[in-house]
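Comments concern the structure below.
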Amino acid sequence: MANKRARVMYDFAAEPGNNELTVNEGEIITITNPDVGGGWLEGRNIKGERGLVPTDYVEILPSDGKDQFSCGNSVADQAFLDSLSASTAQASSSAASNNHQVGSGNDPWSAWSASKSGNWESSEGWGAQPEGAGAQRNTNTPNNWDTAFGHPQAYQGPATGDDDDWDEDWDGPKSSSYFKDSESADAGGAQRGNSRASSSSMKIPLNKFPGFAKPGTEQYLLAKQLAKPKEKIPIIVGDYGPMWVYPTSTFDCVVADPRKGSKMYGLKSYIEYQLTPTNTNRSVNHRYKHFDWLYERLLVKFGSAIPIPSLPDKQVTGRFEEEFIKMRMERLQAWMTRMCRHPVISESEVFQQFLNFRDEKEWKTGKRKAERDELAGVMIFSTMEPEAPDLDLVEIEQKCEAVGKFTKAMDDGVKELLTVGQEHWKRCTGPLPKEYQKIGKALQSLATVFSSSGYQGETDLNDAITEAGKTYEEIASLVAEQPKKDLHFLMECNHEYKGFLGCFPDIIGTHKGAIEKVKESDKLVATSKITLQDKQNMVKRVSIMSYALQAEMNHFHSNRIYDYNSVIRLYLEQQVQFYETIAEKLRQALSRFPVM
């Protein structure tokens, strides 16, 4: 039987020493082994070179070698498209039309800005800003497990022979550099989920997401009777308004000890990290794809009510370089710390299972249970029980508008600080040190000229000028290194909040959609499409949604105040120390000059 051929849909750069094949978009390759495993196939190009290529990077051509579709789909693409219901497709088409009309690019606020409220001006795209999780603390944890097996009690993660279909080993091509003009900010909520689902890095059929099976909030608002879920998320009223109930004891999770592993008899390599919850001190090992799975599950389950920021970028080229591994671990640490700090996320079954599974069977059982969870999307509100009276619709709408206004304004402020910080970083690591070096070299050159005069009485002056020149060269080095000690942490914190703020347009959009449905309920009652009891249920349920939004904002504000107080204090302390060090060096240089 002749080997099949395939058209390459995306450029792919092979990782040296990894038995991969570099291919370019539009290239035709011959498939020599269609199922190597782990989301890879083996192919041969027209030069006769053979190697591994990600399965989702190619589309299988029919036996006659001709394209059946002008925009051909891979097998995984077709399965994804087949999973979309007509209603979902219609909703997506409508959303795409709206996006085209406002011309917003990747700005997650644009669709919300174009909503019926009309209170906000359209905003610029967010894509110009780098994005990533913030680094709140030092994660250089000492390595206590210097063996080839990691933590002696740690479960090493799912076996390489995992029969699940999510075992892609490669990462999407993104840069690991701290600042790159091509880096993009993450979009919010479902936009992030949809973009991931349609990308080549992970195909996610929407039928796996029960909460997104029906468009809009009708699934929750118009349900005749909500089943009493076993899991309950209480909301109480505290000194600052509605709030989540915080657990009596909190915990963090230390991400450490990145190690390179391999599978498929050494053909494929990956990095896995050791995760140790502070409340159990028992470690488990996870690869990046496992973090990605957790992110998707949290987004699907809680994304309508709680902002779930994206993980740090994926990449292919250089993914085993030390700098990239260190940066990714730092950002995974910050992401996990953030999730641990959230009273709802940290106590959720899926998050606890991610940290506490004991063997492969337990991992797979928990994984499949999470993927079948029906209390996801808007149905998450059915688990919430506010201990407070129902709100009227006017107050609900006012609360929603206030949240939207603040988060939009904060996004503008974060965006401005990121822009200024990026420019300052570039100046501190480029032109500014060079200016100090030029001053230093110019002073030393002047001292050399003075020394050639032969005059006996200027030795002390010439030595002092030479030392002053060397001092400015030392200052140049200090200036170049300083951003890593202070600006780095301020920028990382802003990147993290950029991710949070990118989630709010979708969250607010869900709430505004529910409010509009309640406003329409009078007409539905008048035309006997719903009963008066149905309308009352809708008002009660949108009130629950409002309490959830207020509880989340109180959590957001308390974290925001703590985080920015900590990171700006650190920045100023480091700046004071920096300038004091420079001042001391200048004083020492000054002391060498003779007093006339």
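Below, all heavy atoms of this structure are taken into account, side chains as well, without hydrogens, waters or symmetry copies.
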Query raised in the report: Do Phe302 and Glu552 come within less than 4.5 Å of each other through their side chains, counting heavy atoms only?
Result: no
Sidechain-backbone polar pair: [X] side chain, [Y] backbone, donor-acceptor under 3.5 Å:
X	Y	value
His511	Lys399	no
Arg541	Ala223	yes
Asn559	His555	yes
Ser543	Leu391	yes
Lys301	Leu375	yes
Gln353	Trp363	yes
Asn356	Gln352	yes
Glu387	Ile236	no
Tyr547	Glu385	no
Thr365	Glu362	no

Ion pair check, [X] and [Y], cut-off under 4.0 Å:
X	Y	result
Glu401	Lys512	yes
Glu371	Lys367	yes
Glu492	Arg331	yes

Query raised in the report: Does NZ belonging to Lys523 count more than 12 external heavy atoms closer than 6.0 Å?
Result: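 For Lys523, atom NZ is not crowded (no more than 12 foreign heavy atoms under 6.0 Å).
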For [X] and [Y], which I'm curious about, is there any donor-acceptor pair between the side chains at under 3.5 Å?
X	Y	value
Gln550	Asn554	no
Asp252	Thr278	no
Asp534	Thr531	yes
Glu496	Trp335	no

Report task. Determine which pairs satisfy salt bridge (charged side-chain N to carboxylate O under 4.0 Å, His left out) with at least one residue from residues 343-356, sequence neighbours left out, and list them in order. Result -> Glu349-Lys369
Query raised in the report: Where do Phe354 and Tyr295 land on the ring pair (Phe, Tyr, Trp, His ring centres under 6.0 Å) test, with the steps shown first?
Result: CA-CA 11 Å; Phe354 184 78; Tyr295 161 75; over 10 Å; no
Query - Steps toward ring pair (Phe, Tyr, Trp, His ring centres under 6.0 Å) verdict (Tyr497, Phe500) - result: CA-CA 5 Å; Tyr497 274 90; Phe500 276 113; 5.7 Å; yes
